[in-house]
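These notes are about the structure you will find just below.
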Amino acid sequence: MKRIKLILLAVMGMMSVCNINAKTISDGVVTDVVAEISAANEKVDSELLQRGASQVAMLWQDSDGSAEDFAKFVKENYAPSAEARHELFGKLSKAYEVLLGTQNQVAIELSLPTILAGPEPTNIDYIMSAFNPYSHLWNDLYENKVAFITILNFPNYTLAEKNAFGGAWSRDQWAYARMGDMFTSRVPAELNKETAQANADAENYIASYNIVMGNLVDKNGDKLFPENMVLLSHWNLRDEIKSNYANLPNALDKQEMIYRVMEHIIAGTIPQEVINNAAYEWAPSTNRTWKNGVEVKLDAENTRRYERILAHFKAMKKVDSYEPQRPTGIARNFEGGMEIAPDEIEALFVNLISSPQVKKVGGLIKKQLGRDLRPYDIWYDGFKSRSTISEDDLTAQTRQKYPTPEAFERDMARMLIDLGFAQSDADFIAGKIKVEGARGSGHAWGAVGRWERSLLRTRIGNEGMDYKGYNIAVHEFGHNVEQTIDLYHIDNFTMAGVPNTGFTEALAFVFQKRDLKLLGYDQQIDDNTTLDIFWGLYEIMGVSLVDMKVWQWLYANPNATAIQLRDATIAIAKEVWNKYYQPILGEKDSPILAVYSHMVNAPMYLPNYPLGHIIEFQLEEHFAKFIGKKDFANELMRIYKLGRLTPNHWMQQAVGATISTTPILNAIDKIVK
């Protein structure tokens, strides 16, 4: 699930220094003031001062003052010694933690009615969930010159510079560099509001996209699913396909029906009124609908899904002109937020999904299933030990064990101890996490200020937490553990977090695949686990490539309509499918790779998942060196205390290698032989 550390990542994840105006401050003015300060104080690092003053000049506007005002500002606010700079860093860190932590708390409280399970949200709830009273905060910090004081003393370093020089930096130097990432552009408050509104609209749309499975009928009019089963798209639909690899009645027919539902969602041909509505029966195979036994004609959803994506794009496009060095949302997402170039990500993914190992593993799955593969077998779940356990049995256990969110919360410390954490660490981490019932599929929302608790949201029905909800909850628990370790055990506030969300996804996956162990089963990390990770990578890499290519298409076609976007998305999904998936899974022109809800409510987030799985495998190989359970937990703590290094430096310090698919490809070769 999507991991949310909303404020800190949004603010500190932008990496470009922008010059949005004609130059207000000339290079000569900068040179003169740097020379004057350097001559007056022998402790001054002239190169650092030059960098900071130049970056202030790039963002200085006429409203900030004249060239004389600029020179006076630099002379009065530059910290000339290492001691003065360190003192200033401490004061700014404390102030930003208060501001960002408080902003996070306000965002949490205003969004509760639309995120948590409970009464249906009203119009005012949706309005308030999109309201950001802090939308002018960053403009205000420029106006009162705090932003400029930060830039002057803690200038920004590019990703290339961090990768080149960061290996020799101290922790304080890294913390200073991360503070330098905070103010790199001046986006008007009204654009921040527009972006927030697009995010909220998409989130609310997805959170209520439920399919009433008990009302689905096959071509013979038979119902295959329990009357009270309601599944959220796409997460629960996908997981229901996975659960039917166990020996269950009508398992294959259920999978085929869900596949048809997904096709209708992607195409927009799903009847609008069957979404989140139990009043109608629907036959996905024929797209016919009935109410009280009488056939009725319902309008299709059409382009609503794609209108949400288009709203994201239009808001993002308006921001582009304020980011000249990274003038697209694509560049800001990958080179800025993920700190990995998109072509590197694509090459990493293509290397695996086009590998000969895919065909070999596909052959194993075909042999195990005893049939030709179908498109939905990208979610084959037979390598997991739980595939031999009835999900009904697992659900009976989880409902009894976790009837409420509070019951799961009370059990978290025990789970951590079972994973090898010391009692004191387990109690501390669990005490910093609050569990809540989610309206949607669930997510982890991280704390920002070191007085908050991280939030674990998962769906819990009236009868308690079913196995799907439990599996998601364990995944989110992994996020929360990361969020707690690298916030409360970090040396500097600006280093809190991980290089990008792929790294927190990695730990969430480490936890999630131990879900049965935490229920008391003898769950081993073995060859089947490696096969499961590999097949999961094969699936999610294709989905991620579709997401990336859709955004490339949007930037190439900025005036596209929602209909054109829908058609292009389906065409891209089919193209990726036919090239990398149809040879293994059959059925030419399947659009299934476009079903993920993240494409709607989390633009370009999807690549974090396969990146997380790659990192997960490398972490698991590293953890395997630690035989004792306590060693595993201690090593996990050590690694996640590294904080916000760049991806390359984090991996080198964590496991001694860069991010690579080679280890898992080599492991698959050994297994299939």
Side-chain angles (χ1 to χ4, degrees), residues 1-11 98-135 137 192-193 195-210 230 232-233 235-236 276 308 402-410 412 430-462 464-465 469-470 472-473 475-477 479-480 483-484 487 501 504 597-598 600-602 605:
M1 297 301 105
K2 184 173 62 174
R3 176 260 206 181
I4 301 178
K5 201 167 211 172
L6 191 66
I7 309 302
L8 199 58
L9 289 178
V11 171
V98 170
L99 289 170
L100 293 170
T102 305
Q103 183 177 1
N104 188 49
Q105 289 181 296
V106 171
I108 289 170
E109 290 299 322
L110 293 182
S111 65
L112 289 181
T114 64
I115 287 179
L116 299 190
E120 281 298 312
T122 63
N123 187 50
I124 190 62
D125 294 321
Y126 289 119
I127 292 172
M128 294 306 297
S129 71
F131 174 59
N132 179 11
Y134 287 80
S135 60
L137 173 62
N192 290 329
K193 285 183 179 180
T195 300
Q197 186 66 58
N199 289 337
D201 290 346
E203 192 67 47
N204 293 332
Y205 167 76
I206 289 299
S208 299
Y209 207 107
N210 292 291
V230 177
L232 185 71
S233 177
W235 295 279
N236 294 153
N276 205 34
R308 301 278 71 77
Y402 305 118
T404 63
E406 293 76 17
F408 190 90
E409 184 175 317
R410 287 192 297 269
M412 290 188 300
K432 298 298 181 184
I433 302 168
K434 181 180 181 181
V435 183
E436 298 175 321
R439 178 177 300 280
S441 63
H443 59 253
W445 189 313
V448 175
R450 283 173 285 191
W451 65 84
E452 301 178 82
R453 288 200 290 172
S454 294
L455 303 174
L456 190 163
R457 273 83 178 258
T458 191
R459 180 171 283 200
I460 301 178
N462 294 332
M465 185 184 290
Y470 166 77
I472 291 171
H475 178 99
E476 306 308 336
F477 187 31
H479 285 311
N480 293 134
Q483 292 162 346
T484 302
L487 176 65
T501 49
T504 183
S597 296
H598 300 76
V600 180
N601 69 340
Y605 184 90

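Rounding to the nearest 0.5 Å gives a distance of 14.5 Å between CZ of Arg457 and CD1 of Ile472. In this structure, OG in Ser129 is found 10.0 Å from CD1 in Ile124, a value given to the nearest 0.5 Å. Interatomic distance, Leu455 CG to Glu476 CD, rounded to the nearest 0.5 Å: 11.5 Å. The OG1 atom of Thr114 lies 12.0 Å from the CD1 atom of Ile127; values are rounded to the nearest 0.5 Å. Atoms OG1 and CZ, from Thr484 and Phe477 in turn, are 8.5 Å apart once rounded to the nearest 0.5 Å.
Considering only residues two or more places apart in sequence or on other chains, Asp125 meets the side-chain hydrogen bond (donor to acceptor under 3.5 Å, both in side chains) condition with Thr122. By the side-chain hydrogen bond (donor to acceptor under 3.5 Å, both in side chains) test, Asn210 pairs with Asn276, Arg459, sequence neighbours left out. Qualifying ring pair (Phe, Tyr, Trp, His ring centres under 6.0 Å) partners for Tyr126, counting only residues two or more places apart in sequence or in other chains: none. For Arg410, there are no salt bridge (Lys or Arg N to Asp or Glu O under 4.0 Å) partners, not counting sequence neighbours. Listed by chain and number, the residues in a side chain to side chain contact (heavy atoms under 4.5 Å, CB included) with Phe131 are Leu110, Met128, Pro133 (sequence neighbours excluded). Taking Lys434 as the reference, Glu436 meet the salt bridge (Lys or Arg N to Asp or Glu O under 4.0 Å) condition, with sequence neighbours excluded. For Ile460, the side chain to side chain contact (heavy atoms under 4.5 Å, CB included) test picks out Pro405, Thr458, Met465, with sequence neighbours left out. Shown here are the side chain to side chain contact (heavy atoms under 4.5 Å, CB included) partners of Ala130, two or more places apart in sequence or in another chain: Gln197, Ala200. Listed by chain and residue number, Phe408, Tyr470 satisfy the ring pair (Phe, Tyr, Trp, His ring centres under 6.0 Å) test with Tyr402 (two or more places apart in sequence, or in another chain). Applying the side-chain hydrogen bond (donor to acceptor under 3.5 Å, both in side chains) test to Asn132 and every residue at least two apart in sequence or in another chain returns nothing.
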Please report the C-alpha distance between Asn480 and Met412 in whole Å, then the side-chain angles of each, then the deciding distance to 0.1 Å, and finally whether the side chain to side chain contact (heavy atoms under 4.5 Å, CB included) criterion is met.
CA-CA 11 Å; Asn480 293 134; Met412 290 188 300; 6.0 Å; no
Is there a side chain to side chain contact (heavy atoms under 4.5 Å, CB included) between Asn104 and Tyr134 once you walk through the steps?
CA-CA 10 Å; Asn104 188 49; Tyr134 287 80; over 6 Å; no
With side chain to side chain contact (heavy atoms under 4.5 Å, CB included) as the test, would you mind laying out the steps for Tyr205 and Asn601 before giving the verdict?
CA-CA 8 Å; Tyr205 167 76; Asn601 69 340; over 6 Å; no
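The salt bridge (Lys or Arg N to Asp or Glu O under 4.0 Å) contacts involving residues 106-120 comprise Glu120-Arg439, where partners must be two or more places apart or lie in separate chains. Applying the salt bridge (Lys or Arg N to Asp or Glu O under 4.0 Å) rule to pairs touching residues 445-455 yields Glu97-Arg450, Glu409-Arg453, sequence neighbours excluded.
Scanning all heavy atoms of the two residues, the minimum distance from Val98 to Thr102 falls at O-OG1, 2.6 Å. Taking both residues in full, the closest heavy atoms of Leu232 and Ala207 are given as CD1-O, 3.7 Å, listed atom of the first, atom of the second, then distance. The two residues Asp201 and Arg308 come nearest to each other via the heavy atoms O-CD, 3.8 Å.
Using a distance-only test at 3.5 Å, with no hydrogens or angles considered, a donor-acceptor pair links the side chain of Ser454 to the main chain of Ala447.
Relative ring orientation between Trp445 and His443 is described as tilted, the plane-to-plane angle lying within the 30° to 60° band.
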